[in-house]
Amino acid sequence: MRLPLIKPEALSEEQRPLYDDMRAGIEKNFKGFATIDRNGALLGPWNPWLHEPKFGGPIWELTKAMSVAPSLPKPVREVAILVTGAHFRSAYELYAHVIAAEQRGLSDDTLATIVAGQRPGDLPRDQAIAYDIASALVNGGVLPELSYRQAVKEFGAHGAAELIYLVGLYCMVSVTLNGFDVPIPEEERG
């Protein structure tokens, strides 16, 4: 990892409020995978964001906006996030969101197929649309009109927009994780 973890007692005045807000949000919304080490340092993308509060603060605000009371079903969100993480081969993102997706009922076969960069053939319609939207967006170019219309029909205009923004956010998360070489927590490797 390129950035050292920041223990709470080493936080600057600029970092402290962001740390407090991130820690509270992490403890409430991101469960089941390692997010905070035994010394209280934040893991995953939160550590790089904490190192640069000028950039990390706004990214955290977007993360909260996308995480608090989402309109999309949780399995749909996880499919889109995993497609994005698989595209970028982002180790921590895949580690965390495979666990989250398991908690939301996605099967091991489905998860293994998505993580391998392939589309499972037995996805329910809403998850298949999320897969197709995320896959099209991470592979570049304009989202095909038919895919967009399917998303609007399935999730409404707001839900389709939420799905597009979610993929964009997790592109940012993946690039952050890869850029700073953020690993899966050591105790979680197996």
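Atom CG of D21 sits about 12.5 Å away from atom CZ of R16, to the nearest 0.5 Å. Here the CZ-CD distance, from R125 to Q150, works out to 5.0 Å after rounding to the nearest 0.5 Å. Taking CD1 from I59 and CH2 from W49, the interatomic distance works out to 6.0 Å, rounded to the nearest 0.5 Å. Distance check, rounded to the nearest 0.5 Å: CD1 of I6 to NE2 of H51 gives 3.5 Å. Expressed to the nearest 0.5 Å, how far CG of L163 lies from CG of L143 amounts to 8.5 Å. The NZ atom of K64 sits 10.5 Å away from atom NZ of K28, with the distance rounded to the nearest 0.5 Å.
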Problem set entry | Pair V98-F33, side-chain contact (heavy atoms from CB on, under 4.5 Å): steps then yes or no | CA-CA 10 Å; V98 162; F33 53 93; over 6 Å; no
For this session: Assess whether side-chain contact (heavy atoms from CB on, under 4.5 Å) is satisfied between L106 and Q127, documenting all intermediate values.
Result: CA-CA 10 Å; L106 276 75; Q127 293 174 32; 4.2 Å; yes
For this session: Determine, step by step, whether E162 and Y165 satisfy the side-chain contact (heavy atoms from CB on, under 4.5 Å) criterion, reporting the C-alpha distance in whole Å, the side-chain angles of both residues, the deciding distance to 0.1 Å, and the verdict.
Result: CA-CA 5 Å; E162 183 179 320; Y165 294 136; 5.6 Å; no
For this session: Please step through side-chain contact (heavy atoms from CB on, under 4.5 Å) for the pair V182 and T176, ending with a clear verdict.
Result: CA-CA 8 Å; V182 176; T176 298; 5.9 Å; no
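Between P120 and D109 there is no side-chain heavy-atom pair separated by less than 4.5 Å. Side-chain contact between T35 and L43 is absent, with no heavy atoms from C-beta onward closer than 4.5 Å. Counting heavy atoms from C-beta on, the side chains of E154 and V76 never come closer than 4.5 Å. Residues R89 and S174 fail the side-chain proximity criterion, which asks for heavy atoms closer than 4.5 Å. By the 4.5 Å heavy-atom criterion applied to side chains, L166 and T84 are not counted as neighbours.
Grouping the Ile, Leu, Val, Met, Phe, Trp and Tyr side chains by contacts below 4.5 angstrom, directly or via other members, places L94 with L123. Hydrophobic clustering keeps F55 apart from M1 (ILVMFWY residues linked when any side-chain heavy atoms are closer than 4.5 Å, directly or through intermediates). No chain of hydrophobic side-chain contacts below 4.5 Å, direct or via other Ile, Leu, Val, Met, Phe, Trp or Tyr residues, connects I99 to V79. No continuous path of hydrophobic side-chain contacts links F155 to I81 [ILVMFWY only; heavy atoms under 4.5 Å]. Grouping the Ile, Leu, Val, Met, Phe, Trp and Tyr side chains by contacts below 4.5 angstrom, directly or via other members, places V167 apart from Y92.
In plain terms, the two heavy atoms of L5 and A41 that are nearest each other are CB-CB, 3.7 Å. When all heavy atoms are compared, the tightest approach of V138 to C171 is CG1-SG, 3.9 Å. When all heavy atoms of M66 and R77 are compared, the closest pair comes out as O-NH1, 2.9 Å. When all heavy atoms of R119 and D132 are compared, the closest pair comes out as NE-OD1, 2.8 Å. Across all their heavy atoms, G56 and L18 have their closest contact at C-CD2, 4.2 Å. The two residues L177 and G44 make their nearest non-hydrogen contact at CD2-C, 3.7 Å.
Of the possible donor and acceptor atoms, one in the side chain of Y131 sits under 3.5 Å from a partner among the backbone N and O of Q118.
Taking the six-membered ring for Trp and thresholds of 30 and 60 degrees, W46 and F30 have ring planes more than 60 degrees apart, a perpendicular arrangement.
For the ring pair (Phe, Tyr, Trp, His ring centres under 6.0 Å) test, no residue two or more places apart in sequence or in another chain qualifies with F88.
Environment of CE in M172: sparse, with no more than 12 heavy atoms of neighbouring residues, nucleotides or ligands closer than 6.0 Å. Environment of NZ in K7: sparse, with no more than 12 heavy atoms of neighbouring residues, nucleotides or ligands closer than 6.0 Å.
Classification of E27 and R23 as a salt-bridged pair holds, one side-chain N sitting under 4.0 Å from a carboxylate O.
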